[in-house]
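First up is the structure itself, then whatever we jot down about it.
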Amino acid sequence: MGDFDVVVLGGGTAGVQVATQVARGGKSVALVEAGLIGGESPYLACLPSKSLLLSAARGETWEHAISRRDEVTGNLDDSAATAHVTGAGVQVIRGTGRITGVGQVEVTPLGLGEQVSLSYTDLVITAGSEPVAPPIEGLSDIPAWTTAEGLCSPDLPRRLIVLGGGPAGCELTQIYAAFGSHVTLIEAEDGLLPGEPVFAGEILAAALRRAGAEIYLGSPAAKAERTPDGLTLALADGTRIEANRLLLATGRRPRLSGLGLDALGITVEPGAVLPITTTCQVVGAGGHVWAAGDVTGVGHTHAGRYQADVAAANIVGQQREADYTAIPRVVFTTPAVFAVGANPRTGASVVTARADLAGTARARLGDEDNGCLELYADPLSGLLVGGAAVGPEAASWMAEVTLAIRAKIQVEVLTDVVHAFPGYGEALEVALRQLATSPGMDTARTGTTSTQTDEREVSGLSDMDMETPEDDALEQHQEVVPDEEESAGRGPRPIPFDVDEADAAEQERTIGFDDDDYR
């Protein structure tokens, strides 16, 4: 079909981002995609799940929620996204690409048509990821959904099993429980959100149970059997659970098979990720091969977009490196879960401080799940290196933690930040004071002298609670008499804030898993 400066394999979030950025930088670009332009996030993952969660929080009916979800996702129509990409100067080629040699890609078009050969100077791999099925006997014989199918189906199962207690599993559990399904959530590990601080999974589990979900922890699923009404799932500990449908939220793997990476001298084991440098260049590919998104192991849409920006900048000659120390992770349940940076569960050696949201005046204004937060600091450098929180809209008022980590701001400086009253940000002040005065911090370097933890509660005072200068309520109705200094003219006294290659046809086919799908 022609020669291009850049060929991008995969039209998900990362692929669209890098393609449009490079095209606007003056390069000729071809974007190869077999499914929906924009990938899974806007059609089958992030947007539909958040739409349904919002509808649930508003108390809408299932029918109204489905209608709103379909409107948000454009009814799986990617014509607007395609127009956006082509409008930036990118040539969209519908098909599956395979690398045939250095500088060469062969595309098998959708439907009828001959293969197309493309040449490139730079290649960007943004092929996304695909769901992984656990090795459960009989799994292929039962009615099951992937997360994508669970988020685009009009059906509301009477009894649903969600397998996997990660972010997607927890969000889907809350969605279906809110609309009346009897949901059972199963996590093989001892707690939900296994990669995050323990308290986050514990608080979220309590919230999901209050919403009506049953939760089984610490025992993996072992065998599935079809029944007249649906299925029976047996756990390793002998528990048997009946349901009409099973929803698999057991993780994803990079979609790298079939890309022809061996033609570039790259060997990747099944389930492994593409190794990249801080410039997002693929290691061992001999240069001019880049990668972004799920194929590199980052599982968040915003992280893939960030990598795409880094790769695009380097392709057009601007030197830029990625920094992963402050990539936020959010579960948009009620209450929401937010985490960023390092924490003790990742093996980091940190000083920890905790504050309960119940100590804030904002928490006393309503009946939300209050939750709490933890902050983590490096004791030698005095820098904030991580944070986690569970609470209403946690991603909003914890965003400053992301900035503080990325900008490498000293904890000592952060203790002087003022937060609007009344707000959950007050709890940050308590945790930061604890960190600054912790015995584990390097007090000689930070200049602090106290070794006692600041255990003061967040102030519950509002503007209406402030004492008057004379500390007497009766004097609100009297004239305040100035003292002698004021009378002498000295003035008043001073008054002390993707499956990236999403396939629309997946919605219509029966799920089947072969041995290669099992880890």
Side-chain angles (χ1 to χ4, degrees), residues 6-23 29-50 72-74 76-88 90-99 105 107 110 122-132 146-149 151-152 167-168 251-259 261 273-274 276 280 282 289-312 315 322 327 498-507:
V6 182
V7 171
V8 181
L9 295 180
T13 298
V16 167
Q17 184 78 356
V18 71
T20 54
Q21 293 289 346
V22 170
V29 185
L31 177 66
V32 181
E33 172 56 62
L36 296 167
I37 298 298
E40 182 161 311
S41 179
Y43 306 103
L44 305 169
C46 299
L47 291 191
S49 63
K50 280 48 178 184
V72 167
T73 59
L76 303 184
D77 179 1
D78 66 352
S79 57
T82 303
H84 167 73
V85 175
T86 57
V90 177
Q91 183 165 344
V92 175
I93 303 175
R94 300 280 187 171
T96 302
R98 180 180 177 83
I99 305 161
V105 168
V107 179
L110 293 177
D122 287 276
L123 175 70
V124 186
I125 301 173
T126 54
S129 62
E130 59 195 4
V132 174
T146 62
T147 56
E149 290 169 324
L151 286 169
C152 71
R252 308 180 70 83
R253 66 182 177 191
R255 186 185 283 113
L256 296 174
S257 62
L259 289 181
L261 294 173
V273 302
L274 276 178
I276 60 172
C280 294
V282 177
V289 180
W290 316 80
D294 290 358
V295 294
T296 71
V298 301
H300 304 280
T301 300
H302 47 274
R305 185 185 296 117
Y306 172 60
Q307 288 181 321
D309 286 339
V310 171
I315 290 171
I327 304 295
D498 323 290
V499 180
D500 286 329
E501 290 183 343
D503 186 354
E506 179 181 359
Q507 313 314 310

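In this chain, residues are counted from 1 in sequence order.
- Between the Thr126 side chain and the Ala292 main chain, no donor and acceptor come within less than 3.5 Å of each other.
- Arg98 pairs by the side-chain hydrogen bond (donor to acceptor under 3.5 Å, both in side chains) definition with nothing, not counting sequence neighbours.
- The distance from the CG atom of Asp294 to the CD atom of Glu40 is 8.5 Å, given to the nearest 0.5 Å.
- In this structure, Gln21 contributes its side chain and Val18 its backbone to no donor-acceptor pair below 3.5 Å.
- Nearest approach of Arg305 to Thr13, heavy atoms of both residues: NH2-CG2, 4.0 Å.
- Considering only heavy atoms from C-beta on, Ile99 comes within 4.5 Å of Leu261 through its side chain.
- Shown here for Gly11 and Glu33, the closest heavy-atom pair between the two residues is N-OE1, 2.6 Å.
- Partner of Leu31 under the side-chain contact (heavy atoms from CB on, under 4.5 Å) criterion, chosen from Thr86, Thr82, Val85: Val85.
- Using modelled atom types, one side-chain atom of Asp78 and one backbone atom of Ile37 make a donor-acceptor pair closer than 3.5 Å.
- The side-chain heavy atoms of Thr73 and Leu151, taken from C-beta on, include no pair separated by under 4.5 Å.
- Here the shortest heavy-atom pairing between Tyr43 and Ala81 reads OH-CB, 3.7 Å.
- Here the closest non-hydrogen pair linking Val295 and Ala127 is CG1-N, 3.7 Å.
- Nearest heavy atom pair, residue Val298 against residue Ala303, reads CB-CB, 3.9 Å.
- Under the 4.5 Å side-chain criterion, counting only non-hydrogen atoms from C-beta, Val273 is not in contact with Thr296.
- Separating the CG atom in Leu256 from the CG atom in Leu274 is a distance of 4.5 Å, to the nearest 0.5 Å.
- Interatomic distance, Leu110 CG to Thr96 OG1, rounded to the nearest 0.5 Å: 6.5 Å.
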**Q.** Worked check of side chain to side chain donor-acceptor pair (under 3.5 Å) between Ser41 and Thr301
**A.** CA-CA 7 Å; Ser41 179; Thr301 300; 3.3 Å; yes

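- The shortest side-chain heavy-atom distance between Thr20 and Val29 does not fall under the 4.5 Å cut-off.
- The two residues Pro42 and Gly39 have their closest heavy-atom pair at CD-O, 3.5 Å.
- Going from atom CG of Asp309 over to atom CD of Gln17 covers 4.5 Å, rounded to the nearest 0.5 Å.
- Put simply, CD1 on Ile276 and CD on Gln307 are 4.5 Å apart, with the number rounded to the nearest 0.5 Å.
- Arg94 places a side-chain N or O within donor-acceptor distance of the main-chain N or O of Gly35, the cut-off being under 3.5 Å.
- In this structure a side-chain-to-backbone donor-acceptor pair under 3.5 Å is missing from Ser129 to Arg255.
- In this structure the side chain of Ile315 reaches within 4.5 angstrom of the side chain of Val124, judged on heavy atoms.
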